[in-house]
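So the structure is just underneath, and the comments pick up after that.
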Amino acid sequence: DCGELSDLELVQRVRAEELDILVECAGLFEGSRPAALTWRMAPVQVTWLGYPNTTGLPNMDVRLVDLETDPPGTESLATERLERLVGGFLCWRSPHALPVPSRDATRPLTFGCFNAMSKFHSGLYALWARVLAGVPGSRLLLKTAPLADPAIADLLREQFAEFGIGPERLEFRGHAVSQADHLAMYGDVDIALDTFPYNGTTTTCEALWMGTPVVTVTGEGHPGRVGRAVLKIAGLDEWIAATPDEYVARAIALATDRAALACHHRTLRDRVERSPLCDAAGFARRFEDVLERLQA
């Protein structure tokens, strides 16, 4: 636990361990220690997982990615050397043994997005409005902490009204009391709509685990390709769109075949559980292989 240490104390503490490789997982997010990371704390310093971009930090040697998040030709977007993990840069395990929720077949079809509101923007609202227009009677459930504020919720309703979507087709929810409550809310969502140009990562994994298909669109750079990467690892290529227009079309097509959608709800967790996305042992071996190469 280094939370109480100064940057200098942290550097001294880590150097005393005589590490071969230092792997950091926070990048430039709040709570990280970029000043300490600019010092050489280990012969090889690696950034991975938590921050979806280059750090730009001196002495950060390697960034662990994969062929989908950072394909060949994107090396110029990173100050670090890119090392690509075969089979995907992450794996995932649910922290809760919740059952797959049952869906009420009598309610209107519901699209949803539980991503951070900082990823929302008017261009996304326009596309979501097109999806809703393409599925008469459908609804959109958005869950993100700021929507607990009535003023923010009203502003969002006004934005959707500009695209022809009335408030009766929108449902907003704020922060859940617990993570289990958060996951259980996927029982009220039939299809999850990913955000872009900054995709979801944890939210995509959570939705799939709870039996909810996720439609994403491939963008630029790691933040705009991580939705594609997660679906590829899970073997769910059919929900990856190449363009915003295709994103709309795929979401509408998925919603139109209710029998197939119900099958996805029942079987998706099993598909994901058998995929490399949840193969922790296999991922650990591949991760070790990369670290051993870095030491060579």
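Just so it is clear, the structure is predicted and the values come from calculations on it, not from any experiment.
Listed for the R103 side chain is a donor-acceptor partner under 3.5 Å among the backbone atoms of V189. Proximity of a side-chain donor or acceptor of H121 to a complementary backbone N or O of G123 within less than 3.5 Å is detected. Checked by atom type and distance alone, the side chain of N115 never pairs as donor or acceptor with a backbone atom of M117 at under 3.5 Å. At distances below 3.5 Å, not a single donor-acceptor pair connects side-chain atoms of R84 with backbone N or O atoms of L64. A donor-acceptor contact shorter than 3.5 Å is absent between the side chain of H265 and the backbone of P213. In terms of modelled atom types and a separation under 3.5 Å, the side chain of T267 and the main chain of C263 share a donor-acceptor contact. In terms of modelled atom types and a separation under 3.5 Å, the side chain of D190 and the main chain of T110 share a donor-acceptor contact. Side chain of R63 to main chain of L82: no donor-acceptor pair is present (N/O by atom type, distance under 3.5 Å, no hydrogens or angles).
Side-chain atoms of T54 and E80 form a donor-acceptor pair, as typed in the model, at a separation below 3.5 Å. Using a 3.5 Å distance cut-off with no hydrogens or angles, the side chains of N59 and T38 do not pair a donor with an acceptor. Residues R225 and T74 bring no donor and acceptor atom of their side chains to less than 3.5 Å of each other. At a cut-off of 3.5 Å, with distance as the only test, a side-chain donor of K143 or H182 sits close to an acceptor on the other residue.
To the nearest 0.5 Å, atom CG of residue L90 and atom CH2 of residue W48 are 8.0 Å apart. W209 CH2 to T202 OG1: the interatomic distance, rounded to the nearest 0.5 Å, is 15.0 Å. Distance check: T203 OG1 to K119 NZ gives 5.5 Å after rounding to the nearest 0.5 Å. Rounding to the nearest 0.5 Å gives a distance of 13.5 Å between CE of M210 and SG of C205. Interatomic distance, L124 CG to Y198 OH, rounded to the nearest 0.5 Å: 14.5 Å. Distance check: T212 OG1 to L193 CG gives 11.0 Å after rounding to the nearest 0.5 Å.
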Apply side-chain contact (heavy atoms from CB on, under 4.5 Å) to residues F114 and Y186 and explain how you reach the verdict.
CA-CA 9 Å; F114 291 4; Y186 278 106; 3.3 Å; yes
side-chain contact (heavy atoms from CB on, under 4.5 Å), that's the test. Do R139 and F111 meet it? Break it down for me.
CA-CA 6 Å; R139 301 169 64 254; F111 297 96; over 6 Å; no
May I have the step-by-step check of side-chain contact (heavy atoms from CB on, under 4.5 Å) for R266 and D270, ending in yes or no?
CA-CA 8 Å; R266 292 192 304 271; D270 287 339; over 6 Å; no
For T195 and C113, what are the C-alpha separation, side-chain angles and deciding distance, and is it a side-chain contact (heavy atoms from CB on, under 4.5 Å)?
CA-CA 8 Å; T195 52; C113 182; 3.7 Å; yes
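Each of D70, V226, L85 was scored for a side chain to side chain contact (heavy atoms under 4.5 Å, CB included) with V65, with one residue passing: D70.
Crowding of Q295 atom CD: a count of heavy atoms from other residues, nucleotides or ligands under 6.0 Å exceeding 12. Heavy atoms from other residues, nucleotides or ligands lying under 6.0 Å from CD of E220 number 12 at most.
Ion pairing between a basic and an acidic side chain is recognised when a charged N comes within 4.0 Å of a carboxylate O; R107 and D104 show no such pairing. Looking at E206 and R93, no side-chain N of the basic residue comes within less than 4.0 Å of a carboxylate O on the acidic one, giving no salt bridge. One finds no salt bridge joining D66 and R228 here, because no Lys/Arg side-chain nitrogen approaches an Asp/Glu carboxylate oxygen to under 4.0 Å. Taking the charged nitrogens against the carboxylate oxygens, R173 and D188 do have a contact shorter than 4.0 Å, which makes a salt bridge. Between R33 and D7 a salt bridge is recorded (basic side-chain N to carboxylate O distance below 4.0 Å). The pair R293-E83 counts as a salt bridge, with a side-chain nitrogen and a carboxylate oxygen less than 4.0 angstrom apart.
Under a hydrophobic clustering in which Ile, Leu, Val, Met, Phe, Trp and Tyr are joined whenever their side-chain heavy atoms come within less than 4.5 Å, directly or via other members, L140 and L147 fall into the same cluster. Using a 4.5 Å cut-off between side-chain heavy atoms of Ile, Leu, Val, Met, Phe, Trp and Tyr, with links allowed through other members, F283 and L277 fall into the same hydrophobic cluster. Cluster membership for V86 and L291, using ILVMFWY side-chain heavy atoms within less than 4.5 angstrom, is not shared. Put simply, L294 and F287 are part of the same group of oily side chains (I, L, V, M, F, W, Y) that touch within less than 4.5 Å, one to the next. Taking hydrophobic clusters as Ile, Leu, Val, Met, Phe, Trp and Tyr residues chained together by side-chain heavy-atom distances below 4.5 Å, V272 does not share a cluster with V100.
Shortest non-hydrogen contact noted between W39 and Q45 is O-OE1, 3.2 Å. When all heavy atoms of A129 and I165 are compared, the pair lying nearest together is CB-CG1, 3.7 Å. Residues I191 and V215 approach most closely at CG2-CG2, 4.1 Å, considering heavy atoms. Between L132 and R169, the shortest heavy-atom distance links the atoms O-NH2, 2.7 Å. Closest approach of A234 to L208, counting heavy atoms only: CB-CD1, 4.5 Å. For the residue pair P108 and G137, the shortest heavy atom distance occurs at CB-O, 3.3 Å.
No side-chain heavy atom of L261 sits under 4.5 Å from any side-chain heavy atom of T256. Put simply, the side chain of L142 reaches to within 4.5 Å of the side chain of L156, judged on heavy atoms. Contact annotation: the side chain of V230 never approaches that of T216 to less than 4.5 Å [non-hydrogen atoms, C-beta and beyond]. The shortest side-chain heavy-atom distance between L67 and P72 falls under the 4.5 Å cut-off. Side-chain contact between F172 and R157 is present, with at least one heavy-atom pair separated by less than 4.5 Å.
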Mind listing the side-chain donor-acceptor pairs of residues 236-254 below 3.5 Å, one per line with the distance, residues two or more places apart or on another chain?
| unit_1 | atom_1 | unit_2 | atom_2 | d |
| --- | --- | --- | --- | --- |
| D237 | OD2 | K232 | NZ | 2.8 |
| T243 | OG1 | E246 | N | 3.1 |
| D245 | OD1 | R130 | NH1 | 3.0 |
| D245 | OD1 | R130 | NH2 | 3.1 |
| E246 | OE1 | A242 | N | 3.2 |
| E246 | OE2 | R250 | NE | 2.6 |
| E246 | OE2 | R250 | NH2 | 2.7 |
| Y247 | OH | W128 | NE1 | 3.0 |
| Y247 | OH | D194 | O | 2.7 |
| R250 | NE | I240 | O | 3.2 |
| R250 | NH1 | E238 | O | 2.3 |

Which pairs would a plain distance check flag for residues 8-26, meaning a side-chain donor or acceptor within less than 3.5 Å of a matching protein atom at least two apart in sequence or in another chain?
| unit_1 | atom_1 | unit_2 | atom_2 | d |
| --- | --- | --- | --- | --- |
| E9 | OE1 | S6 | N | 2.8 |
| E9 | OE1 | S6 | OG | 3.4 |
| R13 | NH1 | E17 | OE2 | 2.5 |
| R13 | NH2 | E17 | OE2 | 3.4 |
| R15 | NE | R40 | O | 2.9 |
| R15 | NH2 | R40 | O | 3.1 |
| E24 | OE1 | A26 | N | 2.8 |
| E24 | OE1 | G27 | N | 2.8 |
| E24 | OE2 | G27 | N | 3.0 |
| E24 | OE2 | T47 | OG1 | 2.5 |

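Remark: aromatic rings of F89 and H222 are close, center separation under 6.0 Å.
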